[in-house]
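Shown next, in structure tokens, is the structure this report addresses.
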Amino acid sequence: MLSEFSEIKGQLKNLCEERSNLLDTLRQLEAANIEGEASGVHDGEFQLMKQFSSLGRGKYSEYSTTESSDDIEKQELDEASDEEEANYLDANECFSEHHTSGGSVVGDNMENKTIDASAQAQVVRRTKLPDPVEKEKGVSLWAMIKDNVGKDLTRVCLPVYFNEPISSLQKCFEDLEYSYLLDRAYEHGKSGNSLLRILNVAAFAVSGYASTEGRNCKPFNPLLGETYEADFPEKGIRFFSEKVSHHPTLIACHCEGRGWKFWADSNLKSKFWGRSIQVDPVGTLTLEFDDGEIFQWSKVTTSIYNLILGKIYCDHHGTMHIRGNRQYSCKLKYKEPSIIERNPHQVHGFVEDVSGKKVTTLFGKWNESMYYINGEWASKPKDSSVLSLLWTRNNPPPNLTRYNLSSFAITLNELTPGLKEMLPPTDSRLRPDQRHLENGEYDKANAEKLRLETRQRMSRKLQENGWKPRWFQREGEDGTFRYMGGYWEAREMATWDGCPNIFGEIDQDLLNSFEGS
Ligand SMILES: CC(C)CCC[C@@H](C)[C@H]1CC[C@H]2[C@@H]3CC=C4C[C@@H](O)CC[C@]4(C)[C@H]3CC[C@]12C
């Protein structure tokens with residue numbers, strides 16, 4: 001059984017190598033003669049799709065089967081704890097970049113910064129993570145898992161090496177990296193082009209997945225009541241999120257941009273399949289334009305593969321239905337990976353009008369770019385000139401670390417000058433274990449993580465005793481969390497009433513009441 005499996009794996013590996021050689025050749029060809037535009041005439045959508053995929057600049061290394069070195073560094077595992085019930089897979093949104101095969105962190109000592117020259121605000125954000133203080137330790141996930149065979153994996157506490165220095169609250173904000181698509185959508189709708197509005201909304205919905213590529217660490221599971229603010233005047237957006245429930249794990253977020261508002265709450269249902277995990281996000285994302293047009297959709301299924309052997313990677317599959325309250329809606333299919341289908345990460349779909357008539361075809365890849373074909377496919381000349389680019393992913397930062405954060409993600413946990421003094425005590429940036437991990441202080445990070453997990457274990461009790469989120473409230477029949485307002489106003493006044501010091505020492509009374517019951 002096992003030998004059969006490794007045989008198949010071996011064959012797959014060969015196939016993968018063959019494929020990546022082919023892809024390399026194609027890429028070279030592409031570099032040689034194509035600049036953003038495909039040449040040649042083809043006879044149908046299929047051909048065009050093939051051609052399109054060969055234009056990809058994505059890497060396919062997630063399908064390679066390099067075995068993780070079994071550096072056995074035994075870690076004391078926490079007993080299955082309450083805290084970890086929903087903690088194993090607690091991310092909520094995500095983003096990422098290309099892969100690094102090794103785990104080396106190379107960087108110069110210079111803190112290189114870029115200056116955003118936009119007239120509005122001179123926000124200077126970092127372009128790399130701090131250089132790690134300690135050398136990284138190699139710990140294989142397999143070593144962790146094999147000692148826990150038979151246990152519910154979702155309840156196994158993992159040491160901090162499996163985390164990325166981003167909390168789930170911050171990861172939610174990664175979905176807004178390409179918020180300019182919504183600005184565009186607003187403008188198009190305003191000038192009467194509702195088709196281009198929904199096309200940009202669709203591209204936005206897909207772009208939220210771009211940075212999940214190559215991300216193979218767990219985000220921090222926020223503490224109950226933990227918050228995250230992101231004021232990005234250079235993007236014209238302001239984002240806020242709060243962990244509103246620990247049982248089940250729920251995160252709510254709210255974002256305001258130029259002509260639109262976006263909100264969501266997310267709950268993840270996960271299934272463990274042995275070698276892989278399937279995550280089904282539950283909940284609706286809502287986008288409301290200032291002119292009253294509303295779009296709603298849900299995220300598709302994400303699977304995380306190669307938990308035991310090979311390189312961990314995730315893929316997304318299922319159908320996303322973007323429902324609008326006016327003329328158009330859109331269906332997008334994220335294709336399931338298969339051995340025969342050598343073209344991973346494909347997304348395609350249609351914009352439909354109220355009568356269900358297909359108006360426009362969309363396709364692309366969630367890790368690269370999205371295109372649309374205007375009008376009836378059949379009536380078009382069959383070459384790439386019918387394609388219009390909607391979205392393309394930003395380049396990865398020059399020095400990728402093992403976390404594979406995008407340039408945008410790198411800025412999310414930064415304490416820019418003067419920010420610390422403004423933040424409430426609940427902000428993710430102040431979470432000590434996450435900060436230590438970011439600095440590469442692994443022992444300190446682990447110690448703080450253990451301390452905070454004690455607090456986390458009390459969350460159920462807190463919730464049973466009537467704990468309520470500070471900034472969000474359940475609303476409507478479906479009970480989605482909506483932002484109540486007041487955060488940015490409180491920030492102006494620097495009054496953080498009702499924002500406890502959740503990262504500090506645990507209040508003795510709280511501890512007593514918890515242990516006494
Ligand atoms: C055992 C550990 C080390 C495995 C690491 C698993 C990583 C790859 C997992 C853990 C949590 C996962 C995330 C959980 C939830 C979502 C929301 C979904 O809408 C997009 C994918 C996304 C963002 C997942 C991407 C992959 C992810 C980050």
Side-chain angles (χ1 to χ4, degrees), residues 57-59 93-136 163-167 169-181 207-217 219-220 228-239 255 367-369 391-420 422-423 427-431 434-441 445:
R57 59 179 169 87
K59 295 191 179 164
E93 306 294 326
C94 170
F95 286 77
S96 107
E97 298 295 352
H98 294 171
H99 297 268
T100 41
S101 44
S104 62
V105 185
V106 213
D108 48 329
N109 288 320
M110 292 272 292
E111 270 271 72
N112 34 13
K113 303 251 179 185
T114 37
I115 291 163
D116 186 287
S118 85
Q120 307 200 23
Q122 302 266 317
V123 194
V124 182
R125 302 192 193 273
R126 65 185 180 187
T127 58
K128 63 195 268 301
L129 292 176
D131 292 319
V133 173
E134 294 164 28
K135 212 177 148 271
E136 230 169 80
N163 285 100
E164 56 182 358
I166 288 276
S167 76
L169 296 167
Q170 293 167 320
K171 220 171 166 87
C172 275
F173 183 49
E174 283 195 58
D175 267 10
L176 286 131
E177 174 166 0
Y178 302 95
S179 61
Y180 67 79
L181 293 167
S207 75
Y209 286 101
S211 80
T212 63
E213 196 189 18
R215 293 281 280 276
N216 46 30
C217 294
F220 278 86
Y228 178 67
E229 63 153 71
D231 183 13
F232 276 59
E234 67 270 47
K235 288 169 105 71
I237 59 176
R238 230 182 202 186
F239 170 95
C255 185
N367 62 330
E368 285 176 15
S369 44
W391 160 77
T392 188
R393 183 169 142 191
N394 293 336
N395 287 329
N399 300 310
L400 281 175
T401 66
R402 69 187 179 100
Y403 305 120
N404 284 327
L405 301 185
S406 67
S407 297
F408 180 60
I410 283 172
T411 66
L412 303 189
N413 197 41
E414 185 184 12
L415 282 162
T416 47
L419 182 59
K420 196 173 177 184
M422 305 291 285
L423 294 175
D427 196 277
S428 286
R429 292 179 188 84
L430 304 176
R431 183 166 169 164
Q434 191 179 321
R435 182 63 57 195
H436 284 309
L437 178 68
E438 187 186 283
N439 292 335
E441 303 163 303

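The side-chain heavy atoms of Ser207 and Leu181, taken from C-beta on, include a pair separated by under 4.5 Å. Using a 4.5 Å cut-off on side-chain heavy atoms (C-beta onward), Tyr403 and Ile166 make no contact. The shortest distance between side-chain heavy atoms of Pro397 and Ile410 falls below 4.5 Å. Between Leu423 and Leu415 there is a side-chain heavy-atom pair separated by less than 4.5 Å. In this structure, Leu176 and Phe232 have side chains that are not in contact, with every pair of non-hydrogen atoms separated by 4.5 Å or more. Using a 4.5 Å heavy-atom cutoff, the side chains of Cys217 and Arg402 are in contact.
Rounded to the nearest 0.5 Å, atoms OG1 (Thr411) and CZ (Phe173) are 7.5 Å apart. To the nearest 0.5 Å, atom CG of residue Leu400 and atom OG of residue Ser407 are 8.5 Å apart. The line from CD of Glu174 to CG of Leu405 is 7.0 Å long, rounded to the nearest 0.5 Å. Between the CZ atom in Arg393 and the OH atom in Tyr209 there is a gap of 15.0 Å [rounded to 0.5 Å]. A distance of 8.5 Å separates CZ in Arg125 from CZ in Phe408, rounded to the nearest 0.5 Å.
Looking at residues two or more places apart in sequence or on another chain, you find no ring pair (Phe, Tyr, Trp, His ring centres under 6.0 Å) involving Tyr180. Considering only residues two or more places apart in sequence or on other chains, Glu229 meets the salt bridge (Lys or Arg N to Asp or Glu O under 4.0 Å) condition with Arg491. Shown here are the side-chain hydrogen bond (donor to acceptor under 3.5 Å, both in side chains) partners of Arg429, two or more places apart in sequence or in another chain: Tyr228, Asp427.
The heavy-atom pair separating Asn404 from Gly214 by the smallest distance is ND2-O, 2.5 Å. The two residues Glu134 and Glu441 have their closest heavy-atom pair at OE2-CA, 3.6 Å. The nearest pair of heavy atoms linking Leu437 to Pro165 is CD2-N, 3.8 Å. Heavy-atom minimum distance, Ser179 versus Lys235: OG-CE, 3.8 Å. Taking every heavy atom of both residues into account, Gln434 and Ser428 meet most closely at OE1-O, 4.1 Å. Considering all non-hydrogen atoms of both residues, Phe239 and Leu169 come closest at CE2-O, 3.8 Å.
Of the residues Glu164, Arg126, Arg431, the one that meets the side chain to side chain contact (heavy atoms under 4.5 Å, CB included) test with Asn413 is Arg126.
Listed for the Thr416 side chain is no donor-acceptor partner under 3.5 Å among the backbone atoms of Leu419. Looking at Lys420, its side chain never comes within 3.5 Å of a backbone N or O of Leu430 through a donor-acceptor pair. In this structure, the side chain of Gln170 engages the main chain of Ser167 through a donor-acceptor pair within 3.5 Å.
A perpendicular orientation is assigned to the rings of Trp391 and Tyr178, their planes being inclined by more than 60° (bins at 30° and 60°).
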